Each structure stands twice: as structure tokens, then as C-alpha cells.
Amino acid sequence: MKLNVESKKIELMALMYATVNDMREADWLSDPQYGSPTTLAEEGALYDKYQELLGELIKLNPDYINEDIHIVNQYGESLSFAQAQEVINIKINAFDSGNKKRRQIQAKMHEQQRLEQDAIKAKRLEEDEIKHQQQQLAELKQSLAPWRCVTPKSAVNESPSQKHQRLQSLAERNGFKSYLDSFREVYQALQLGTPLVELKRYTVIPEEDGELYSLLCIVDDFAIYQGTERNIAAGSKFTRLIALECEAAQVYERYSTLPRGFFSLQGKKRFAVKLATDLAFQLVEAEQEVLIYKHLGVAK
């Protein structure tokens with residue numbers, strides 16, 4: 001019985017020695033820069049197998065290290081259990097050290113990622129707070145002076161569908177079928193043969209090109225605005241005139257921009273003009289037909 005136990009101890013120690021011998025060199029095992037998930041898994045499997053064998057040996061004799069029995073290594077050398085364990089510990093301790101360093105590095109990486117995420121979150125909260133304060137200030141200033149609507153709603157980040165819903169809602173609230181978001185779209189519709197009476201069913205909310213128009217002059221009860229529009233040909237531009245029905249409360253100073261908001265198309269009117277041409281003659285009693293609009297208010 002004693003012989004069988006002793007043989008089992010020798011077998012277990014020999015397996016422990018061989019298992020650890022199959023592991024990579026100690027320098028590799030202890031350096032956290034070495035190893036991929038696959039290679040580290042391979043080393044971990046050998047490490048776990050060693051621990052399992054060690055557990056079995058300890059059950060047979062917790063003080064196995066002082067056994068007066070020997071194993072033979074791959075070189076044919078006879079090693080006591082103490083000598084064999086000393087060789088084994090070199091790689092085992094190296095593997096434990098390497099894993100500890102890897103855990104420390106991973107912990108630092110996770111902490112760094114957490115700090116970066118917290119910094120991004122804090123920055124976003126700060127930006128949101130600044131935007132909120134700016135919005136509150138803008139609302140306060142506008143409540144004190146309603147004309148301080150200096151930023152069109154189209155300047156706010158919104159998707160095309162959100163913009164359509166906003167403008168369509170504004171048009172319907174004011175009794176229109178729908179909207180046109182530029183003066184250019186009005187002329188495009190006319191060029192396609194759309195009757196003027198049909199276009200009157202649409203409100204014009206010129207968020208796309210309203211800022212391109214400035215006051216040229218006053219003719220009777222109409223404020224004539226001149227705008228610049230890009231032609232189809234690349235690089236070419238031309239001017240276009242529109243007329244706005246004058247309002248008694250409004251000030252019409254030359255070069256002032258077109259009032260913000262939405263408009264209704266009232267019709268058309270011919271104005272006498274003097275044409276400047278490169279020809280050797282001038283047209284007499286020339287007229288230019290201009291579309292007439294009425295300013296209905298500021299889009300809210």
C-alpha cells in the first residue's frame with residue numbers, strides 16, 4: 001500500500017514537472033506585453049492542469065516538498081521533490097507575475113476609459129447647460145422686446161422632415177394649403193405653367209433665399225426689393241425684383257433686408273423702368289412686371 005502511494009506521488013510530481021515544462025519561457029510568461037488571447041489561454045490551460053495535479057499531491061501529503069523520493073527529468077537527471085518544485089516555481093511565479101501586471105494594465109485602461117467617458121459626459125452637460133442658458137436669455141430678451149427674433153428657426157439643427165412639419169403646420173394654421181420655402185420656388189412653379197391663382201393658396205416662407213433681398217426703393221404703396229439669384233449656368237447670377245405692400249408701422253430704409261416671416265402672394269403689377277442696355281438705343285416707356293407680396297407676420 002505504501003509503495004502504491006509513493007508511486008502515485010512520483011507520478012503526480014513528474015506530471016507537474018512535465019506540464020510546467022511545456023509552458024513558455026519565464027521571461028515570456030512574466031512580460032505583460034507578450035501573448036495574445038489565444039496563447040495566454042494555452043498557457044492558462046497548462047497552469048490550471050498543474051494546479052489540479054498539485055491539489056491531488058497535497059491530498060496525499062501536504063508536506064510533499066520534504067519527501068525523500070525523486071523524479072527523473074527530460075535530461076535523465078534525478079531530482080528531489082524540493083528540487084523539482086524549485087524549477088517548477090520559476091515559470092509558475094513568472095506566469096502569476098505576468099497575469100498580475102496584465103490585470104493592473106487592464107485596470108488602468110478601464111480607468112482611463114472611464115475618465116474619458118466622464119469627461120465627454122461632463123462636456124456635453126456643460127454644452128447643454130450653456131445652450132439652455134442661451135435659450136432662456138434669448139426668450140427673456142424677446143419677451144422684453146418682441147422684435148428680437150434675430151435667428152430664424154431654420155438655423156436650428158433639424159431634419160428635413162422636421163422642417164417640413166414645422167412649415168406645413170405654420171401654413172395650415174394660417175389657412176394655406178401648403179408652403180413654398182423660397183422665392184425661387186415661386187418662379188420655378190410659374191415657369192412650369194402653374195397659374196398665379198393656384199400659387200395664392202400657398203404661403204411663401206423664404207428661409208432659403210429671403211436674406212438675399214434688400215430694399216431698393218419705394219414706388220407708390222409698394223416697397224421694391226432686389227435680390228440675387230444664381231442662374232442654372234455655373235457661376236452666373238442675376239437680380240430679381242419683388243414688391244411688398246407697405247405697412248404704415250414699418251420703416252423702409254434703402255438696403256434694409258426683407259422682413260423675416262411668411263408672406264402671401266397678392267398678384268402682379270407692372271412698374272415703369274428705365275433700362276440700361278449696351279445697345280445704341282433705349283426702350284421708351286419700358287415696364288417690368290413684378291410679383292406683389294404681403295407680409296403676414298413672423299413665423300413662430
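Note that the structure is a prediction, hence the values are computed from the model and not measured.
In the hydrophobic clustering of this structure, L29 groups with Y34; members are Ile, Leu, Val, Met, Phe, Trp, Tyr whose side-chain heavy atoms approach within less than 4.5 Å, directly or through other members. Residues V186 and L167 are members of separate hydrophobic clusters, defined by side-chain heavy-atom contacts under 4.5 angstrom among Ile, Leu, Val, Met, Phe, Trp and Tyr. Side-chain heavy atoms closer than 4.5 Å link hydrophobic residues (I, L, V, M, F, W, Y) into clusters, and following such links, possibly through other members, connects I292 to V219. Each of L54 and I90 belongs to its own hydrophobic cluster when Ile, Leu, Val, Met, Phe, Trp and Tyr are linked at side-chain heavy-atom distances under 4.5 angstrom. Taking hydrophobic clusters as Ile, Leu, Val, Met, Phe, Trp and Tyr residues chained together by side-chain heavy-atom distances below 4.5 Å, I58 shares a cluster with L12.
Panel note: side chain Y252, backbone E247; a donor-acceptor pair is recorded below 3.5 Å. Checking side-chain atoms of N174 against main-chain N and O of L170 turns up a donor-acceptor pair under 3.5 Å. A donor-acceptor pair under 3.5 Å is absent between the side-chain atoms of S80 and the main chain of H70, judged by distance alone. Side-chain N or O atoms of S169 include none that pairs as donor or acceptor with a backbone N or O of R166 at under 3.5 Å.
Here CG of L265 is found 7.5 Å from CG of L190. Values are rounded to the nearest 0.5 Å. Here E56 contributes atom CD and K59 contributes atom NZ; the two are 7.0 Å apart, rounded to the nearest 0.5 Å. Taking CG from D220 and CD from E245, the interatomic distance works out to 12.5 Å, rounded to the nearest 0.5 Å. E289 contributes atom CD, which lies 12.5 Å from atom CG of L241 (distance to the nearest 0.5 angstrom). In this structure, CG in L57 is found 9.0 Å from CG in L53, a value given to the nearest 0.5 Å. Put simply, CD on Q104 and NZ on K101 are 8.5 Å apart, with the number rounded to the nearest 0.5 Å.
Every residue two or more places apart in sequence or in another chain that forms a side-chain contact (heavy atoms from CB on, under 4.5 Å) with E198 is listed here: K177, T194, P195, R201, Y202.
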Hey, can you pull the donor-acceptor pairs under 3.5 Å for the side chains in residues 14-28, sequence neighbours left out?
residue	atom	partner	partner atom	Å
T19	OG1	L15	O	2.7
N21	OD1	Q74	NE2	3.4
R24	NH1	E43	OE2	2.5

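Heavy atoms from other residues, nucleotides or ligands lying under 6.0 Å from CG of D221 number 12 at most. In the displayed structure, K294 atom NZ is contacted under 6.0 Å by at most 12 heavy atoms of other residues, nucleotides or ligands. Remark: E86 CD is loosely packed, at most 12 non-hydrogen atoms of other residues, nucleotides or ligands lying under 6.0 Å away. No more than 12 heavy atoms of other residues, nucleotides or ligands shown are found within 6.0 angstrom of CD on E285. In this structure, Q168 places its CD atom where more than 12 heavy-atom neighbours from other residues, nucleotides or ligands lie under 6.0 Å away.
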Stepwise side-chain hydrogen bond (donor to acceptor under 3.5 Å, both in side chains) check, E129 with Q133: CA-CA 6 Å; E129 179 61 23; Q133 292 178 3; 3.0 Å; yes
F81 and N66: CA distance, side-chain angles, deciding distance, side-chain contact (heavy atoms from CB on, under 4.5 Å) verdict: CA-CA 7 Å; F81 275 24; N66 294 316; over 6 Å; no
Pair R260-E211, salt bridge (Lys or Arg N to Asp or Glu O under 4.0 Å): steps then yes or no: CA-CA 8 Å; R260 297 183 186 277; E211 294 182 350; 3.2 Å; yes
Derivation and outcome, salt bridge (Lys or Arg N to Asp or Glu O under 4.0 Å), residues D118 and R114: CA-CA 6 Å; D118 289 347; R114 186 188 66 79; 2.8 Å; yes
Audit row: I88, M13, side-chain contact (heavy atoms from CB on, under 4.5 Å) steps and yes/no: CA-CA 10 Å; I88 289 172; M13 176 56 79; 4.0 Å; yes
Trace of the side-chain contact (heavy atoms from CB on, under 4.5 Å) decision for L199 with L180: CA-CA 9 Å; L199 290 178; L180 304 173; 4.2 Å; yes
Derivation and outcome, side-chain contact (heavy atoms from CB on, under 4.5 Å), residues E207 and K163: CA-CA 11 Å; E207 293 187 352; K163 178 180 178 180; 3.7 Å; yes
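The two residues H295 and F262 have their closest heavy-atom pair at CD2-O, 3.8 Å. Taking each heavy atom of V290 and A243 in turn, the nearest pair found is CG1-N, 3.4 Å. Taking both residues in full, the closest heavy atoms of R102 and D31 are given as NH2-O, 3.4 Å, listed atom of the first, atom of the second, then distance. Residues A84 and L79 share a closest heavy-atom pair of N-CB, 4.3 Å. Nearest heavy-atom pair, A171 versus T203, reported as atom, atom and distance to 0.1 Å: CB-CG2, 3.7 Å. Counting all heavy atoms, side chain and backbone alike, C246 lies closest to I218 at SG-CD1, 4.2 Å.
Between T38 and L40, the closest side-chain pair of non-hydrogen atoms is not below 4.5 Å. Within the 4.5 Å cutoff, the side chain of E11 has no heavy atoms near those of the S7 side chain. Within the 4.5 Å cutoff, the side chain of L244 has heavy atoms near those of the F263 side chain. Contact check for V87 versus Q83: no side-chain heavy atoms found under the 4.5 Å cut-off.
Side-chain contact annotation: E116 with Q112, donor-acceptor N/O pair under 3.5 Å present. In this model, no donor atom of one side chain and acceptor atom of the other lie less than 3.5 Å apart for S214 and Q226. Q136 and H132 are linked by a side-chain donor-acceptor pair at a separation below 3.5 angstrom, with hydrogens and angles left out of the test.
Cation-pi geometry between R240 and Y187 is met: under 6.0 angstrom from the ring centre, within 45 degrees of the axis.
Between F222 and F271, the two ring planes are perpendicular [angle over 60°; tilted spans 30° to 60°]. Between H164 and Y179, the angle of the ring planes lies from 30° to 60°, which puts this pair in the tilted group. Between Y213 and F183, the angle of the ring planes goes over 60°, which puts this pair in the perpendicular group of the 30/60° scheme.
In summary, R184 and E208 do not engage in a salt bridge, as defined by a charged side-chain N under 4.0 Å from a carboxylate O. Between E287 and K268 there is no salt bridge, since no side-chain nitrogen of the basic residue lies less than 4.0 Å from a carboxylate oxygen of the acidic one.
Through direct or relayed side-chain contacts under 4.5 Å between Ile, Leu, Val, Met, Phe, Trp and Tyr, L125 connects to no other residue.
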